[in-house]
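The structure under discussion appears below in the form of structure tokens.
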Amino acid sequence: MSAHTQTVEKGQNTTLLCQESYVCSGTDEAIFECDECRSLQCQRCEEELHQPERLRNHERTRIRPGHVPYCDSCKGANGNIMHASMTGSRQIAAVRCQVCKINLCVECQKRTHAGGNRRKHPVTVYHAGKAQEQEEEEGMDEETKRRKMTEKVVSFLLVDETEEIQVRNEEDFIKKLDCSPDQHLKVVSIFGNTGDGKSHTLNHTFFYGREVFKTSPAQESCTVGVWAAYDPVRKVVVIDTEGLLGATVNLSQRTRLLLKVLAISDLVIYRTRADRLHNDLFKFLGDASEAYLKHFTKELKATTARCGLDVPLSTLGPGVIIFHETVYTKLLGSDHPSEVPEKLIQDRFRKLSCFPEAFSSIHYKGTRTYNPPTDFSGLRRAVEQQLENNTTRSPRQPGVIYKALKALSDRFSGEIPDDQMAHSSFFPDEYFTCSSVCLSCGCGCKKSMNHAKEGVPHESKSRCRYSHQYDNRVYTCKACYERGMEVSVVPKTSASTDSPWLGLAKYAWSGYVIECPNCGVVYRSRQYWFGNQDPVNTVVRTEIEHVWPGTDGFLKDNNNAAQRLLDGMNFMAQSVSELSLGPTKAVTSWLTDQIAPSYWRPNSQILSCKKCNTPFKDNDTKHHCRACGEGFCDGCSSKTRPVPERGWGPAPVRVCDNCYDNRGIQLDVAELPSDEEGGTLIARKVGEAVQNTLGAVVTAMDIPLGLVKDAARPAYWVPDHEILHCHNCRKEFKLWPSNSSFGMSC
């Protein structure tokens, strides 16, 4: 290694010579460094080499005293770093090999010239100490300083293709941007079709051609999701997006993601390489404008208020620059100098009935590329001009940008089935509105996505229709309504003040009852022998309400209606002769377990009284406390009190001595599980169980089973006497001779 070092010293030369040898044969002093030619050039070679039109746009830097060129070996033909130890920035050369005619950094010199004959190649050492580097930086022109500021910029994945934000929090977002949390920034994003060179455009517009955003010559899109990087020169968050028309999976979610990016942007670049501006461009911007005003403006204002932000997020939408690159056709407005391109674009919007009124401005910037590379200088100047305008969109801290994106992601998220979408618009309402549909009429909810998280109920644009299946007719007391109150009432088999036996007896005689908490019993269906009027015409008002998935709002019978019915059955069964006492006890005990409230202890587990520990015999009655649900003997549960918190209403019911003594203490009642059956459905189970068993056990008593079935019938069932034939096959039903009430079945 020492021999190698001596060789380096022998080849030492502080004068930088032309590396092209095109005109001067390599003897003249180098004046320029061309980044794309990757060489130092003298005055004569530089002029001769860049005469062709395709080479005129090469970026060249004038060499100043103490200049050190970049390493040629650690970047490939497309500028990509080749060995793993390098970061995203180019490395300063340490030596120049006189034989290979290339500049090498320390690591590339070790990698390529550490062995073999190359070890003996004479090299020139570049001296660049810290003092010299500082002196060099002070001598840089403004353009070179800007270029140096962007050398370490790297991009990161901000949101993936499933709309999941890939930064953990606000601090992580600022850390990945590598900027100050107090720095005020603007946001620039780019849109366009797949393959139109969006990433390449951002790299040359903001980062002097460095591959901050990945580019690829392959057919597959190299940008998946949303990527971001920070431009320290212009104080801008630059966002690269997926190309339109390229995604095949999660298309709807990916399209919705584009609008979220547009909503947080201050400036949008629409990149197109089409020789003529297609209708898709105008359709995309028009639909984006409409969706922004309809769905995002309100949410951004809410975010401003919720987060206490001083900077409004939705005064106006972003500005738009249409960057149009052509090869064979003229640029927009070039035929007639008097024609303003922006005026032609507005006319085109009107012809297509697209109205981009959400955008603060729309500008056109075109470039015609006869020979590559593309000239981005015009776009760069247009972007800088728009960024300097703070009259409509002011810069804000990076934390505000993150909060806005997070709020939009939380609000508008969730899967969208592509096969159910009719894509008449780039951004249909289904992307942003609640997906719930009324079970009765099929109308959709008009609220924003995820509104239920904020406690906002569903709402539809149209009125609902009545459905027997869901019984979505709601009754309100007419007398209370006239007094300024809206009190819902529900038809029931018995009033809350009636005992089970008396309630069933009254139901058999007078029909169902409507009871108002304020007015008491206001209606009985068979109160008179004839002339009974419909309650809608007399005591109640009706309204048809929507039935939304996940709600049980229309099964409004008392949750313990089934147990009330069973209490009546027990009372009647116990009045049968002593001969049938045993079987009756067994059946009623079994029935109790079948439909008991969830907090009741099953009869099979009750072996003794919970309080006095007296063992139960086969014929002993086990009483459940309606408050705690445990089993007691008759002596330890003889008291009664109302237990409304368990769903028993205001009427006194059986409770144990402990619960009676603690009647002043509010019970901690757990919330019912989502799959808990409604009270009317449980009542139906009781009715069926009674039908199947009660006739065989209590033969000495003539119980009107039709009455039991009708009492337990859920409200949305069509009554038996109205069912004359099968709903599907239309086959007529016959009557059983034994009991016509139960002769209808299919």
Using a strict cut-off of less than 4.0 Å between a Lys/Arg side-chain nitrogen and an Asp/Glu carboxylate oxygen, indicate whether [X] and [Y] qualify as a salt bridge.
X	Y	value
E151	R210	no
K283	D280	no
R396	D266	yes

| query | What are the two closest non-hydrogen atoms of F213 and A229, and how far apart are they? | reply |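 For F213 versus A229, the nearest heavy atoms are CZ-CB, 3.7 Å.
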| Looking at the rings of H58 and H50, which for Trp means the six-membered one, are their centres under 6.0 Å apart? |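 Ring-ring flag for H58/H50: true, centres closer than 6.0 Å.
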| task | Verify the ring-centre separation between H200 and F376: is it less than 6.0 angstrom? | result |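 Yes; H200 has its ring centre under 6.0 Å from that of F376.
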Side-chain contact, heavy-atom cut-off 4.5 Å: [X] with [Y]?
X	Y	value
R348	Q346	no
F284	P356	no
Q397	P181	no

Residue pairs, two or more places apart or on separate chains, that pass salt bridge (charged side-chain N to carboxylate O under 4.0 Å, His left out) and touch [range]:
range	result
residues 267-278	R271-E325, R273-E325
residues 227-236	D231-R234, R234-E384
residues 182-208	none

| For the salt bridge (charged side-chain N to carboxylate O under 4.0 Å, His left out) test, which of R256, K406, R411 pairs with E163? |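 Looking at R256, K406, R411, the match for E163 under the salt bridge (charged side-chain N to carboxylate O under 4.0 Å, His left out) is R256.
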Which donor-acceptor pairs under 3.5 Å do the side chains of residues 167-178 make with protein atoms, sequence neighbours left out?
from, atom 1, to, atom 2, distance (Å)
N169, OD1, E171, N, 3.2
N169, OD1, D172, N, 2.8
D172, OD2, R168, N, 3.0

| said: S199: which residues meet the side-chain hydrogen bond (donor to acceptor under 3.5 Å, both in side chains) condition with it, sequence neighbours left out? | reply: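 Checked S199 against side-chain hydrogen bond (donor to acceptor under 3.5 Å, both in side chains); matches are T223, D240.
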| request: Name all residues meeting the salt bridge (charged side-chain N to carboxylate O under 4.0 Å, His left out) criterion together with R381; count only those two or more places apart in sequence or in a different chain, and write none if there are none. | output: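 Counting only residues at least two positions away or on another chain, R381 forms no salt bridge (charged side-chain N to carboxylate O under 4.0 Å, His left out).
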| Can you name the one residue among L281, V268, I239, L285 that meets side-chain contact (heavy atoms from CB on, under 4.5 Å) with F191? |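 Passing option: V268.
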